[in-house]
Amino acid sequence: MSLTRKHYPFPEFEPRWQKHWLETNAFRAANPGDPGFDPKAKKFYVLDMFPYPSGDGLHVGHVEGYTATDILARYHRLKGDNVLHPMGWDAFGLPAEQYAIKTGQHPRVTTQRNIDNFRTQLQSIGFSYDWSREISTTDPDYFRWTQWIFLQLYGAWVNPATNKAEPIATYKGNDPDSVRLAFVSEVPVNWCPGLGTVLANEEVVDGKSEVGGFSVERRPMRQWMLRITAYTERLIADLDGLDWPDSIKLLQRNWIGRSEGAEVHFGLEGFEETVTVFTTRPDTLFGATYLVLAPEHELVEKITAATRREAVEAYRKECNSKSDLERTDLAKTKSGVPLGISAINPVNGERIPVWIADYVLTGYGTGAIMAVPAHDERDHEFATAFNLPIREVVSPDEPQSEKDQGCFPGEGTAINSPAIEGLRTPEAKHKMIAWLEEKGVGRGTITYKLRDWLFSRQRYWGEPFPIVWENGAHRPLPENELPVEPPAMEDFKPTGTAEPPLSKATEWVRYSETARRELNTMPQWAGSCWYYLRFCDPKNSGRFIGKEAEQYWMGDAGKPGGVDLYVGGTEHAVLHLLYARFWHKVLFDLGHLTTPEPFQRLVNQGLILGDDGVKMSKSRGNVVNPDSVIAEYGADSLRLYEMFMGPLEHGKPWSMTGVEGVYRFLARVWRMAMNEDQEGNWILSGDLAEQELTNTQRRVVHATIKKVTEDIEALSFNTAISQMMIFTNEFTSAKPRPVEALRLFLPLLSPFAPHLVEELWMHLGRKFPGFEGLASQAKWPAWNEEYLVVDEISYAVQINGKVRGHLTAPASSDKESVEKAAFADPALAPHLEGKEVKKVIVVPGRLVNIVVAG
RNA sequence: GCCGGCGUGGCGGAAUUGGCAGACGCGCCGGACUCAAAAUCCGGUAUCCUCUAAAGAUGUGUCGGUUCGAGCCCGACCGCCGGUACCA
């Protein structure tokens, strides 16, 4: 294949057009106030998840999403919209630093090299980005504003009265540091010795680091945190107004993990203190037969009976030394020890034992539970293992199956519960909460799985915090000292201790005689939390985004989200997409943004698998390199194939013969306009003529315009391409071939195969009118419904739902005449003989169904 | 375990959202062109029965239901993929 000559000269014209588009700024988007800005044009902001420029280069998975957005961008431009379609680099982060440490090269050098490589690759696919807006998160002109946004978080709190972020000055309490949205906390963190840094919960998978797969342990450390938990309610509620896949919304809701329930205070025999537990089932309080605290619970030390001290200490130590991984592995077998004291159940005064067990987590709820083994599977398992009493207080509506005997976690009717006897579970919950609040022994409350966001890393290759420390207190740097650039360092390896690598830059650390710089850096997510804003106004040196640019590109009447279409992988469902929403809301509250959400419409592209049907990986050797596909079949074929494979959202396997299929299609399109002369040069085909379309041809052309237009809007690219193939099949044999067909067809194809269309447009323009300028800047054609109507319609004739014959009737026929025609068909006679016709159904334009009996 | 998604020819996938299942592409078979091949063009291609054709029967993971009519709606189940995991 690679040895034979190409079916059309893409190796010559694809790079030529890429260069031309670049040199003429063909895809520059105009901001309000810019020359050439058209205030009447609709804005369309279509965004890709910008890549991390890894050393491996571009993957066919990148190409899939980027082609989809490029088609939308090019389509909207042809429709006359003002399109913002930018690209940039998410270039801070662990892999660059790990690679730098391994090779001894500075991350700034390797990062720049990778960026250059990515840019070249993207340009070789013909994506219509506005390259004048290119940004990198590692550029000081960019991260200056990342640091500025951090200062906004630092200088703000969420006022419970308004449920909005406000400047910290409006806080009237005496400890502003306890309410700031960016705050310092001594917290048990995920420390990864292999990477020499802490990780967010989201970055730990199965007790190992998501990057590198090193083991992770828990240890308390002083860290910067962002108070994302102040936004839980709004992060859930505002999902409703977004055009996102339901599955992603659900993923975010589950991640935030809102549960309604109650806090209940249990007295402790012999102590002043009470233990507060959280439960979603206050209606089962009468069934609580013991209490369990997390091993790390702060009361344990104080309340443990002297006789139990040794055993309790041993158990706590054991839990502490277990890594997260072990705890996960051992999740199935319950362990725990009793503290040797009793708690008092506030609803009935009953004395119940208090245990510690590691199935109760310290970070969720209150770190203590009341155990109701009859109605909670975990409690049931624990009670069975340790022979604790089980008391049924909810009666199921239907008898339970054998295997569920003894534990019923569902809703039913309260029994053995004096205060709520006979009530249905929901009412029982309400009444119980009211009772608790009245007696002052508890209250209704809501808890969330979502924790505050651990925001500091002990690494070199990230944004330094704009913070200094003096006398043990932190304070922000003034805005005019931004950006805080990382020091130039030769040795930026982790120190091996919890001390960040920046500590080695002693000069830099020393801010003044008495003040020292913060040594942590921000996580990779920081830069990607707001890049979509910077694209609107990337060169602004006075503000993170100009007001007018923000209102134009990010504002839209009636919709909460600013970006019109955002395409990327599903792996960011709960990380980037939640973090970015949070920052956006803070900036919105503080009056810097006009809409409360960043991304209005979100689409997740599916995974492209290897031709063996499994995920592409180097070790499997099934990785497809986009560069080699371009070399063999051209960029247009690569684009078209990835769109033709199947629905954008689905995972699908790669097939090289499939690439050849679309390549052949493009060659057919080429030969509709071009012929090879005796010397082997491509010249305009002599079959082309200015000539009226036949009725059939006109119908195919307009059906294609309609289908392609509607399918692009629906992101159903594979079916749009089939329709274009149908068009080509109709016209390849047409001689003479009406030029009008190409005039209408080529703009439809140009978002998919822009190089080929640009080239044909140029050649046709040398002989025929209507091909002026660039195809990329032509006009999207409109279809005419009148041309789509057919004179005669074919009807299927069914008897009892089985097709027994066909008939054609004029399109204008009414039901009666179609029915009459059906009965006139002699082919039906044998099926109707001796039967009684019960009913006749005529579906206009489709079929006739005769229902018979006998 | 829980949550979500998906099961259609040899393969990737279509199907106006309840109306002729298999569009389009790949692959395969046959033909034209050619000394021959490649490329290109034309035709065929769900399965079974049949020399062939006509005709017929079967067919969208399985079983059942609703309906004149089900790939699509309802119930139960099976399989695959993704997420998540002691969250009280």
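Order of the sequence lines sets the chain letters (A, B, ...), proteins ahead of strands, with each chain counted from 1. Not measured: the values here are computed from a predicted model.
- Summarising the geometry, the separation between CD on A:Glu377 and P on B:C86 is reported as 14 Å, rounded to the nearest angstrom.
- Put simply, the side chain of A:Ser794 and the base of B:C20 share a donor and an acceptor less than 3.5 Å apart.
- Between the OG1 atom in A:Thr67 and the CZ atom in A:Arg639 there is a gap of 5.5 Å [rounded to 0.5 Å].
- At least one side-chain nitrogen or oxygen of A:Tyr364 sits closer than 4.0 Å to the OP1 or OP2 atom of B:A88.
- If you check the side chains of A:Gln723 and A:Thr704, you find a donor sitting under 3.5 Å from an acceptor.
- A 3.5 Å limit on both hydrogen-bonding distances identifies no Watson-Crick or G-U partner for B:U34.
- Taking only distance into account, the side chain of A:His650 never meets the base of B:C6 through a donor-acceptor pair shorter than 3.5 Å.
- For the P atoms, the distance from B:G79 to B:G25 is 37 Å, rounded to whole Å.
- For the pair A:Arg668 and B:C41, the criterion of a side-chain N or O lying under 4.0 Å from OP1 or OP2 is met.
- A:Lys652 has no side-chain polar atom (N or O) that falls below the 4.0 Å cut-off from OP1 or OP2 of B:G12.
- OP1 or OP2 of B:C41 sits under 4.0 Å from a side-chain N or O of A:Arg671.
- With a cut-off of 3.5 Å on both Watson-Crick or G-U wobble distances, the partner of B:A53 is given as none.
- B:C77 is paired with B:G61 under the Watson-Crick or G-U wobble criterion, all donor-acceptor distances under 3.5 Å.
- Put simply, the side chain of A:Lys838 and the base of B:C68 share no donor and acceptor less than 3.5 Å apart.
- The aromatic ring centroids of A:Trp355 and A:Phe382 lie less than 6.0 Å from each other.
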